[in-house]
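All remarks here apply to the structure that follows.
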Amino acid sequence: MWRAATPDPARVKLLRAARRKLDLYPLAIHVNYLINLASPDLVIRAKSIEAFRGELERALLIGAEYLVLHPGSYRGITIQQGIEAFADGLAQAARGFRSRKVTVLLENTVGAGCHLGSRFEELCAIRHRARALTGVPMGYCLDTCHLLAAGFDIVTAEGLEDTLREADATLGIEHVHVIHANDSKAARGSRVDRHANIGEGHIGREAFRRILTHPQLRAKPFILETPVDAEGDDRRNLDTLKELATPRQQ
């Protein structure tokens, strides 16, 4: 749905209390998947701008540090026009939004069809252009499944180093604030976005061990978006990540 209800103040208070008690920081939320700020369709564009403004306001209201969104689809126009459309749409949505407590994170995509954001150069260009039009803080969220499906070799040790070297040179690794940890049901370069349980896809356990323990990534928050096909799958994936993130005994 395009419309969303305003969070209940009492529930927001409970959320804030739970975060303080359990030390749950940072809080990253994902925008409505209908939002497409790069769209040339005037109706979708208008709805996307309005919906994204609501996401910004709700993120601030509940105290979220990060708001994650996909760059969107530029179908019908060029990539550069899509980048301009996204930046302009974000600027319109953020007009008058004075808070700098919420950082917008651009998430990388698999690059299917006309979707922006499968290449680091595109993500960088989007952030650069959007920041020129608005004062909203912006960074990146990298999804492991999306990286692999887009063609990045994050499975081998050498491939991971090459990927992170390119990410640092193009995006600035300090601007990557969140990692979505998902294995991939589809092979490298497939452009297919299908998440798998950790260690059960084309990335695999040992690759995740290298990702989780890499010096450039170890201090960053990892968030699961893995399937829940049976009760307890979410907990099992979390336990797997914890196990792989723990240094091996010598």
Side-chain angles (χ1 to χ4, degrees), residues 1-7 27-62 64-143 145-147 149-150 170-172 175-178 180 191 193 223 225:
M1 295 176 60
W2 284 104
R3 290 176 299 171
T6 301
L27 173 60
I29 60 177
H30 201 296
V31 305
N32 185 334
Y33 283 99
L34 293 173
I35 293 174
N36 181 9
L37 293 175
S39 176
D41 183 289
L42 296 180
V43 174
I44 293 177
R45 182 169 181 76
K47 288 183 176 181
S48 296
I49 291 170
E50 181 181 2
F52 186 70
R53 176 52 180 252
E55 298 281 10
L56 278 171
E57 292 173 347
R58 286 187 294 277
L60 180 63
L61 180 63
I62 69 174
E65 284 78 22
Y66 299 123
L67 180 61
V68 181
L69 84 160
H70 296 172
S73 172
Y74 63 93
R75 184 176 301 279
I77 53 179
T78 67
I79 291 178
Q80 187 56 44
Q81 288 172 326
I83 291 172
E84 291 290 337
F86 176 94
D88 179 71
L90 189 144
Q92 289 187 53
R95 187 169 295 144
F97 187 77
R98 303 301 181 190
S99 175
R100 295 182 61 85
K101 293 181 179 180
V102 179
T103 298
V104 174
L105 301 184
L106 300 168
E107 181 177 348
N108 66 305
T109 66
V110 300
C114 295
H115 286 270
L116 290 168
S118 64
R119 299 168 58 243
F120 293 153
E121 291 82 2
E122 291 176 10
L123 293 173
C124 179
I126 293 167
R127 178 175 180 264
H128 178 78
R129 184 61 184 142
R131 290 186 71 211
L133 298 177
T134 177
V136 175
M138 295 186 70
Y140 307 102
C141 166
L142 294 184
D143 184 297
C145 170
H146 299 175
L147 283 170
T170 307
L171 306 177
H175 299 308
V176 177
H177 298 290
V178 170
H180 281 173
R191 306 286 181 180
D193 184 2
I223 298 176
E225 291 181 322

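The figures that follow rest on heavy atoms only: side chains count, while hydrogens, waters and symmetry mates do not. The residues of the chain are indexed from 1 along the displayed sequence.
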Quick one: do C141 and V176 satisfy side-chain contact (heavy atoms from CB on, under 4.5 Å)? Show the steps, please.
-> CA-CA 6 Å; C141 166; V176 177; over 6 Å; no
Rounded to the nearest 0.5 Å, what's the gap from [atom1] on [X] to [atom2] on [Y]? Could you check?
X   : Y   : atom1 : atom2 : value
L60 : R98 : CG    : CZ    : 13.5 Å
R45 : N36 : CZ    : CG    : 9.0 Å
L56 : L61 : CG    : CG    : 12.5 Å
S48 : F86 : OG    : CZ    : 10.5 Å
R53 : Q92 : CZ    : CD    : 11.5 Å
S39 : I49 : OG    : CD1   : 10.0 Å

Ring centroid separation for Y140 and H177, is it under 6.0 angstrom?
-> no
What do you reckon, is CZ of R131 surrounded by more than 12 foreign heavy atoms closer than 6.0 Å?
-> no
When you look at CD of E121, are more than 12 heavy atoms from neighbouring residues, nucleotides or ligands closer to it than 6.0 Å?
-> yes
In a table with atom names and distances, give each donor-acceptor pair under 3.5 Å that connects a side chain of residues 106-114 to protein atoms at least two apart or in another chain.
{"from": "E107", "atom 1": "OE1", "to": "H30", "atom 2": "NE2", "distance (Å)": "3.2"}
{"from": "E107", "atom 1": "OE1", "to": "H70", "atom 2": "NE2", "distance (Å)": "3.1"}
{"from": "E107", "atom 1": "OE2", "to": "H146", "atom 2": "ND1", "distance (Å)": "3.3"}
{"from": "E107", "atom 1": "OE2", "to": "H180", "atom 2": "ND1", "distance (Å)": "3.3"}
{"from": "N108", "atom 1": "OD1", "to": "D143", "atom 2": "N", "distance (Å)": "2.6"}
{"from": "N108", "atom 1": "ND2", "to": "D143", "atom 2": "O", "distance (Å)": "3.4"}
{"from": "T109", "atom 1": "OG1", "to": "G111", "atom 2": "N", "distance (Å)": "3.4"}
{"from": "T109", "atom 1": "OG1", "to": "L116", "atom 2": "O", "distance (Å)": "2.9"}
{"from": "T109", "atom 1": "OG1", "to": "S118", "atom 2": "N", "distance (Å)": "3.3"}

Start with the C-alpha distance between E65 and K101, add both sets of side-chain angles, then the distance that settles salt bridge (charged side-chain N to carboxylate O under 4.0 Å, His left out), and finish with yes or no.
-> CA-CA 6 Å; E65 284 78 22; K101 293 181 179 180; over 6 Å; no
Donor-acceptor under 3.5 Å (R75 side chain, P40 main chain) | no
Taking NZ, NE, NH1 and NH2 as the nitrogens, is one of them in R119 or E122 under 4.0 Å from a carboxylate oxygen of the other?
->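 Yes, charged N to carboxylate O under 4.0 Å.
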